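This report refers to the structure that appears directly beneath it.
Numbers here are sequence positions counted from 1. All of these numbers come straight from a predicted model, not from anything done at the bench.
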Amino acid sequence: MSILKLKPSCKDYLWGGSRLKAEYGKEYEGDVLAETWELSCHPDGPSYIMNGAYQGKTLQEYIDGEGKEVLGTHCRRFRDFPILTKFIDAKDNLSIQVHPDNRYALKNEGQYGKTEMWYVMDAGEGAYLYYGFRQEISREEFERRIKEDTLLEVLNAVPVQKGDVLFIESGTIHAIGKDILIAEIQQNSNVTYRVYDYGRVGKDGKKRDLHIEKALAVTRRVPIIRDKKSYPHVADCDYFTVDKLNLDGRVMKRMEGIVSEESFASILMLDGEGTIACGEEKVSYQKGDSFFLPAGSGGYQVEGRCDALITTIREKAAPVRLGIDIGGTDTKIGLVDVHQKLITSISIPTRAAGRKPEEVLRDIAESAMGLLNAQGIPIDQCVGAGVGVPGTVDRKNGIVRYSNNIQWEQVLVAEEIGKVLPIPVKIANDADCAALGEAAAGAGRGWQDIVMLTLGTGVGGGVILDGEIYEGKGIGGSELGHMVIVEDGESCTCGRRGCLEAYASAAALVRNAKRKMGDKELTPKEIFALAENGDEAARKIVEDYRKKLATGIINIVNIFRPQLVLIGGGISAQGENLLAPLREIVRTEAFGGNKGEVPEIEMAALGNDAGMIGAASLL
């Protein structure tokens with residue numbers, strides 16, 4: 001189905017009326033129907049599908065079954081469904097209230113804050129609503145007026161009529177007045193701080209709770225200037241874009257639109273009747289109906305007579321991503337912009353030994369949140385977090401199956417980080433992330449097929465084919481360091497013998513030098529320097545090291561036939577002293593040699609930043 005008709009959840013708040021039942025055909029047994037949640041995946045009131053294969057299921061169950069692709073590419077930055085659409089019938093005044101922004105709500109309520117818009121569907125004579133303050137007031141005056149019940153004296157009362165639109169950013173004090181019917185599009189949140197409630201009591205006979213301290217903390221105590229910055233849309237912000245459709249059934253009786261791969265479309269019928277068609281499907285509509293068209297549905301047509309609101313999700317303005325590179329000793333956390341540029345970064349001790357993985361991941365996530373806060377970047381400006389982790393990684397499910405470096409098994413990395421960072425979280429093997437970082441912003445930029453080897457304590461490897469991480473049909477990264485190049489050779493950390501890592505890592509080079517040059521432990525830099533200065537023992541050690549590394553590279557070239565091989569890690573600091581001999585060996589010994597296409601061999605360019613940039617590029 002490309003046109004899903006939705007049935008709402010109903011709310012009987014004490015200030016509600018009966019117009020949604022009488023005039024809009026909403027099915028509800030109670031006498032008071034204050035709100036209908038028309039498009040909702042919120043657990044407090046989901047909407048249900050009325051047609052097709054998912055009839056009777058919730059909208060969230062449909063999304064879970066079909067995949068998040070039905071939301072569109074612009075929704076990838078949201079962990080949860082982004083919006084909630086309502087009809088509101090205010091027979092009586094609603095409470096004076098305010099909604100927090102994302103940062104405050106996430107910290108204190110565990111869910112997003114709320115920015116919303118109101119479209120006035122109808123209003124009685126003399127109807128008005130409250131929208132911000134008449135003049136700027138201090139926090140002390142705000143608090144005093146709440147206690148003295150004089151708050152209404154400083155609120156901005158706005159007369160309204162049918163067709164009026166108000167955009168209510170988080171932090172704006174507001175209230176819908178009596179005898180007003182409203183269509184509301186908002187962030188997918190149910191966080192409201194009640195400031196003043198006319199002394200009313202709830203069903204339990206008690207006065208409804210107020211949230212004074214929280215309201216004092218989040219309210220912007222200045223007048224709100226209504227502007228037209230959303231033009232030509234009814235409303236436009238990072239959370240939703242709303243357009244008005246009007247067909248009079250005579251001069252204008254048909255509209256054609258397109259639902260692209262970028263965003264779903266929500267169509268909320270305020271008035272009228274007619275049909276919606278998409279492909280071979282056609283469904284009828286009437287006043288009060290709500291429809292969901294999944295991303296990629298293509299062209300659609302609305303015919304008849306109607307007033308409607310069409311809601312889509314646009315691309316995020318100036319987004320950033322978090323790139324997290326978890327290492328055995330330190331974890332690096334960076335902010336990456338749309339140009340793959342690292343804005344800023346921090347490094348914290350991983351401290352995995354002796355601690356539960358959940359504690360480690362919570363510390364990492366809280367540090368990432370702290371980095372955003374330190375840069376003054378709200379969480380909703382961050383479209384996701386990518387995480388590079390050493391070991392065998394199940395990318396689809398966000399799980400580290402096994403990591404020898406940090407002694408983790410079956411750790412739910414994405415889930416645990418998501419408990420602190422309410423944004424999409426994706427993970428991959430750390431070496432794969434480093435390779436992806438170089439492909440996105442480093443020495444591999446412009447190349448599609450790249451293999452990268454990192455020569456450090458171990459030998460990591462990442463394979464990029466057609467611009468994407470290659471990991472086959474299974475799980476885990478490309479463990480290139482654990483190909484056997486010497487049968488029954490040196491013991492490897494993986495438990496096998498003769499692996500490339502046992503010969504081409506920095507640890508292997510240091511080990512061999514210690515064996516052949518005495519008990520003194522030399523650094524790789526010192527070993528290469530001695531070889532350059534004519535030390536025969538050092539020269540043989542370096543020559544053997546190059547040959548073993550070249551053997552591994554030749555095997556990789558013969559299998560993957562990449563355009564480029566990149567060398568990273570500490571030993572890559574040797575530059576051409578390492579690369580020139582490697583190029584010659586690979587040129588002469590790779591299958592086909594000069595008769596085929598031998599890849600370029602270059603140094604990685606990003607150093608320790610590659611893992612962060614690559615992790616961010618997972619989003």
Does atom CZ of R220 have more than 12 heavy-atom neighbours from other groups under 6.0 Å away? yes
Please check: side-chain N/O of S40 versus main-chain N/O of H42, any donor-acceptor pairing under 3.5 Å? yes
Residues K419, E416: salt bridge by 4.0 Å N-O rule: yes
Cut-off 3.5 Å, no hydrogens considered: what does the side-chain donor-acceptor table look like for residues 334-343, sequence neighbours left out?
unit_1 : atom_1 : unit_2 : atom_2 : d
D337   : OD1    : H339   : N      : 2.8
D337   : OD1    : Q340   : N      : 3.2
D337   : OD1    : K341   : N      : 2.9
Q340   : OE1    : R321   : NH2    : 3.2
Q340   : OE1    : S617   : OG     : 3.3

Identified side-chain contact (heavy atoms from CB on, under 4.5 Å) counterpart of L412 within the set L361, V400, I399: I399
Within the distance-only criterion (no hydrogens, no angle test), does the side chain of E61 pair as donor or acceptor with the backbone N or O of T58 below 3.5 angstrom? yes
Check the angle between the aromatic planes of F292 and F81 and answer parallel, tilted or perpendicular using the 30° and 60° thresholds. tilted
State, yes or no, whether a side-chain contact exists between F264 and P82 at a heavy-atom distance under 4.5 Å. yes
Heavy atoms of other groups near K57 NZ, more than 12 under 6.0 Å: no
Tell me whether D101 is salt-bridged to K114, with the criterion being a basic N under 4.0 Å from an acidic carboxylate O. no
Could R395 and D432 be called an ion pair, given the rule that one side-chain N must be under 4.0 Å from one carboxylate O? no
Dump the intermediate steps for side chain to side chain donor-acceptor pair (under 3.5 Å) on Q111 and D80, then the final yes or no. CA-CA 10 Å; Q111 60 176 304; D80 305 315; over 6 Å; no
Does the side chain of I83 come within less than 4.5 Å of I313's, by heavy atoms? yes
Could you tell me if the side chain of C75 sits less than 4.5 Å from the side chain of K68, heavy atoms only? no
Could you verify whether a donor N or O on one side chain and an acceptor N or O on the other, from T241 and T312, lie under 3.5 Å apart? no
Which word best sums up how the rings of H211 and Y193 line up, parallel for under 30°, tilted for 30 to 60°, or perpendicular for over 60°? tilted
For atom CG of D243, is the number of surrounding heavy atoms from other residues, nucleotides or ligands below 6.0 Å larger than 12? yes
Any chance you could lay out the side chain to side chain donor-acceptor pair (under 3.5 Å) test for Y239 and D380, step after step, and finish with the verdict? CA-CA 9 Å; Y239 311 113; D380 55 285; 2.9 Å; yes
Angle class for the F142/F133 ring planes (parallel below 30°, perpendicular above 60°, tilted otherwise)? perpendicular
Please determine whether side chain to side chain donor-acceptor pair (under 3.5 Å) holds for the pair Q574 and K525, giving the CA-CA distance in whole Å, both sets of side-chain angles, and the decisive distance to 0.1 Å. CA-CA 7 Å; Q574 298 306 313; K525 180 179 179 180; over 6 Å; no
